[in-house]
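Chain letters run A, B, ... following the sequence lines, proteins first and then strands; every chain starts at 1.
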Amino acid sequence: MHRMIAITAASMLAAVLGGCTDQAGGGGAGSRDQIKVVGSSTVFPFTTIVAEQFVEKTPGVKSPVIESTGTGGGMKLFCGGVGAAHPDIEDASRRIKSSEYATCKANGVGDILEVQVGLDGIAFAEAKNGPGMQLTTTDLFKAMAATIDGKPNTAKTWQDVNPALPTTPIQIYGPPATSGTRDALAELILARGCEALMPDLADLREKNPADFAQKCTRIREDGAYIDAGENDNLIVQKLQSNANAIGIFGYSYLEENKDKLNGISVNGTEPTYETISQNRYPGSRPLYLYVKKAHLGAIRGLREFLKLYVASWNPGGPLVAKGLIASPEDVRKKAASVVSWETPLDPKTLP
Amino acid sequence: MTERASIGTPAPTDWRDAAHQRRMAKRYGAERRFRWLGLGAVLMSAGFLVVLLVSMLSAGVSGFVQTQIALPIDFAHSRLTIDPAKLRGPGADLALAAADLGGATDAAAIAAYGPEGDALLSDGAWTRVRDQLKADPSLLHRRATVWVPAADRIDIAAKREGAPADEAIVAKLNAAHALKTSFNSFFLTSSDSTDPTMVGIWGALKGSLLTMFVTLLIAFPVGVLSALYLEEYAPHNRWTDLIEVSINNLAAVPSIIFGLLGLAVFLNTFHLQRSAAIVGGLTLALMTMPVIVIASRNAIKAVPPSIRDAAFGIGASPVQVVFHHVLPLAMPGILTGTIIGMARALGETAPLLMIGMRAFITAPPGGLRDPATVLPVQIFLWSDQVNRGFVEKTSAAILVLLVFLLAMNGVAIYLRNRFETRW
């Protein structure tokens with residue numbers, strides 16, 4: 001009996017290891033019958049909805065694999081090369097950088113389609129029974145920045161920031177440094193507040209981005225800004241139990257928890273669907289898909305998947321029902337034409 | 001002289017002496033305190049366990065039931081263009097996909113429950129209509145009532161507190177007997193979805209099973225054979241000491257490091273597929289193996305040398321001694337160590353995130369090389385979902401994980417009792 005166990009175990013081991021080696025031979029090249037998507041956690045929920053409908057509407061197709069790696073991490077995988085081993089689509093919560101495009105080029109990725117999916121807003125919110133704050137980007141910069149004009153930030157209460165605000169202590173629950181939402185927070189809110197406060201720094205942004213980031217977008221670490229991890233539901237819970245705190249997360253979380261939270265107006269604009277879609281709310285940002293043109297013919301169903309995406313992002317469509325903010329009509333038309341004509345991205349337009 | 005004698009032979013203990021009584025009371029007191037402390041520690045850990053289980057059960061049990069709405073559909077008079085003959089052949093899926101079942105389901109809901117009727121149903125309600133049609137094509141010729149899942153806000157209102165408007169709808173539906181709550185067997189048989197009324201745990205459970213299968217297949221034989229070699233054959237010198245220290249160190253390495261190792265070795269060097277169960281299994285095997293080696297060595301050491309001497313004495317070869325006597329006697333300890341290692345691997349998330357097993361996949365993996373996810377990662381993904389319907393699903397998934405763990409431990413206890421020998 002023992003011998004039998006030993007023999008079975010050995011043969012199973014051999015089978016598994018054998019599987020490994022022939023996988024190693026076939027993993028790098030060839031075709032794949034399954035769409036692979038990587039990238040931003042903000043775009044992830046929308047891509048999953050499209051993937052789900054794609055599977056339901058196309059019998060016999062294999063379910064797409066969608067991984068939420070963050071925009072930066074996804075770009076690394078996406079630009080790794082062409083072929084079955086590399087993803088077909090990158091979800092991005094910002095535009096591709098010219099340095100990333102150069103990596104893609106160097107690895108032979110070739111033409112890339114850039115498709116704007118819609119918009120997202122970084123919403124500031126407080127509990128229903130909160131003080132009803134009205135903030136400006138300058139207030140937010142003064143409350144969150146690590147240093148103001150080279151001196152450490154000492155503001156303890158909102159009144160220290162702006163005499164018109166209440167005397168409650170500054171308590172802000174927000175995303176961690178690894179999050180795309182944090183990048184957007186730095187770019188859309190802190191940089192604007194910083195430039196409004198110190199106009200002479202505006203040139204620095206072009207000339208010395210690293211120095212600009214150090215002066216304008218570094219967030220304080222003395223406890224006023226509380227890193228709540230990647231779990232936005234946790235921030236919602238914290239706000240409910242602490243009426244004086246404010247929270248920062250994607251607009252869809254505010255929309256889903258409207259009965260528990262109030263949006264905080266920034267520069268006099270409330271975070272609502274309308275204000276974000278009209279680009280009036282300061283915390284709105286576009287979301288993108290990047291697609292490898294070389295994969296369009298090679299990966300089964302990729303073209304149909306993109307067409308379904310185009311059909312889903314209109315106002316009143318399934319993606320908007322789940323929290324996406326539809327882009328203005330001309331942007332949608334342009335994005336749809338990129339998909340139907342397969343127009344590659346012009347690298348000269350990149351920042 | 002008399003002084004010396006009094007030092008050499010102490011006076012007999014005087015049991016009624018006050019000092020002696022005090023000392024005794026102190027000793028008994030210490031004994032009692034220690035017993036109370038021990039009991040307190042046990043009660044405290046049991047209390048934590050009870051709190052955990054109660055909170056999980058109270059939040060999670062409702063995840064296993066589903067609110068359903070009766071949907072009367074008149075298939076005969078709907079504008080569905082399906083040839084009933086096709087539903088019996090292999091082209092059934094194609095024929096059903098081509099028909100606008102979603103539209104027909106919404107139209108039926110609007111006809112039955114007013115202009116907002118389609119919003120009462122889950123977005124995936126039409127897939128149940130489709131499954132019913134596939135199971136019974138004769139429905140196409142008549143009127144039928146299909147029970148379909150309710151939208152998540154109706155589901156929440158029916159189970160717990162919902163928005164006042166939804167509660168009113170639930171009361172109205174209940175009065176019309178158009179609402180029922182039944183066991184959600186779909187939860188155990190389907191995979192991830194973006195809609196909490198349509199999600200299932202089977203995809204993640206199967207991913208966990210496949211991953212654990214690979215882990216066990218690699219870590220158990222390699223671990224046990226290394227332990228046997230180190231204990232029974234290897235000479236004791238500087239090299240084996242070095243190996244022993246390395247194995248002990250490996251057992252204490254944080255799991256994320258193994259994830260990075262898996263990423264570097266299996267994905268970047270061997271080019272295995274990202275997100276595949278085989279890569280997850282191999283990575284977790286690296287993590288589990290040192291635990292198995294350490295537990296097995298201790299179990300082998302605990303086998304009395306007299307057993308080996310007796311076996312050698314009647315002429316058994318070293319291999320016979322090991323496989324006929326030492327290994328079977330050490331088996332209970334080896335299995336306990338293996339199960340502890342496997343249980344840790346089952347609950348592991350960090351290394352699997354590194355190798356991409358956190359993808360959204362709507363179908364269960366078909367094999368070891370298909371993209372898969374595992375139970376703890378699925379729990380992690382659901383806990384971060386925007387939709388509030390996922391709260392109970394997260395707890396329900398935790399319950400499934402706990403049951404899986406209990407089943408694994410049960411198997412270990414059974415095997416241990418079967419192999420156990422007392423002497």
Side-chain angles (χ1 to χ4, degrees), chain A residues 2-3 6 9-10 12-13 15-17 19-21 23-28 32 34 36-38 41 44-60 62-69 77 84-85 87 230-234 250 252-253 255-257 259 318 321-323, chain B residues 91-98 102 123-124 126-127 130 163 191-195 198 203 213-214 217-218 220-222 266-267 269-276 278 281-282 323-324 327-328 356-363 366-371 380-381 383-388 390-391:
Chain A
H2 296 304
R3 182 168 302 163
M12 277 160 113
L13 195 68
V16 169
L17 292 177
C20 294
T21 46
Q23 195 55 56
R32 165 156 51 74
Q34 201 166 27
K36 277 203 165 184
V37 188
V38 293
S41 59
F44 173 81
F46 306 122
T47 307
T48 56
I49 291 166
V50 176
E52 200 168 48
Q53 297 199 340
F54 177 66
V55 172
E56 277 166 8
K57 289 186 176 160
T58 333
K62 270 198 173 174
S63 139
V65 180
I66 301 146
E67 205 184 322
S68 144
T69 57
L77 292 167
E230 289 274 12
N231 195 328
D232 294 339
N233 281 327
L234 190 70
S252 50
Y253 284 87
E255 165 115 359
E256 178 72 14
N257 295 289
D259 56 335
K322 297 280 179 181
Chain B
D93 287 335
L94 214 63
L96 283 168
D123 289 342
W126 66 274
T127 58
R130 181 189 63 190
S191 297
D192 202 1
S193 164
T194 55
D195 183 347
M198 302 302 290
F213 172 73
V214 176
L217 214 60
I218 306 286
F220 185 69
V222 175
F266 301 126
L267 293 186
T269 309
F270 290 136
H271 298 293
L272 293 179
Q273 262 141 348
R274 231 180 130 71
S275 318
I278 185 160
L282 287 168
F323 283 96
H324 292 180
L327 193 57
M357 286 187 86
R358 60 172 297 181
F360 171 86
I361 306 154
T362 55
L368 290 178
R369 292 178 214 165
D370 284 351
F380 168 72
L381 286 176
S383 76
D384 201 23
Q385 281 278 357
V386 180
N387 198 311
R388 261 195 262 164
F390 274 102
V391 174

Discussion item. Set out, in order, the CA-CA distance, both residues' side-chain angles and the distance that settles salt bridge (charged side-chain N to carboxylate O under 4.0 Å, His left out) for A/Glu67 and B/Arg274, then state yes or no.
Written reply: CA-CA 10 Å; A/Glu67 205 184 322; B/Arg274 231 180 130 71; 2.7 Å; yes
Discussion item. Between B/Asp370 and chain A, with a heavy-atom cut-off of 4.5 Å, which part of the residue counts as in contact: side chain, backbone, both or neither?
Written reply: side chain
Item to complete: With a 4.5 Å cut-off on heavy-atom pairs, point out which of A/Ser68, A/Gly60, A/Pro64, A/Ser252 contacts chain B the most.
Response: A/Ser68
Worksheet item: Looking at B/Met198, B/Met357, B/Gln385, which one has more heavy-atom pairs under 4.5 Å with chain A than the rest?
Response: B/Gln385
Fill in: Segment of B/Ser383 engaging chain A (4.5 angstrom heavy-atom cut-off)
both
Worksheet item: Which is it for A/Asn233 and B/Arg388 under the side-chain contact (heavy atoms from CB on, under 4.5 Å) test, yes or no, and what are the steps along the way?
Response: CA-CA 9 Å; A/Asn233 281 327; B/Arg388 261 195 262 164; over 6 Å; no
Discussion item. How long is the straight-line distance from CZ of A/Phe44 back to OG1 of B/Thr194, given to the nearest 0.5 Å?
Written reply: 10.0 Å
Fill in: Heavy-atom pair of closest approach, residues A/Ser63 and B/Ala363
OG-N, 3.7 Å
Worksheet item: Checking heavy atoms, do the side chain of B/Thr127, its backbone, both or neither come under 4.5 Å from chain A?
Response: side chain
Worksheet entry | Proximity breakdown for A/Leu77 and chain B, heavy-atom pairs closer than 4.5 Å | side chain
Discussion item. Can you confirm whether the side chains of B/Ser193 and A/Glu52 place a donor and an acceptor under 3.5 Å from each other?
Written reply: yes
Worksheet entry | Contacting moiety of A/Val65, where chain B heavy atoms sit under 4.5 Å | both
Discussion item. Show the nearest heavy-atom pair for residues B/Phe360 and A/Thr48, with the distance to one decimal.
Written reply: CG-CG2, 3.1 Å
Item to complete: Give, as side chain, backbone, both or neither, the part of A/Gln34 having an atom under 4.5 angstrom from any heavy atom of chain B.
Response: side chain
Practice prompt. First locate atom CG of B/Asp123, then atom CD of A/Gln53, and finally report the distance between them rounded to the nearest 0.5 Å.
Written response: 8.0 Å
Discussion item. Which residues pass the ring pair (Phe, Tyr, Trp, His ring centres under 6.0 Å) test with A/Phe54, not counting sequence neighbours?
Written reply: A/Phe305
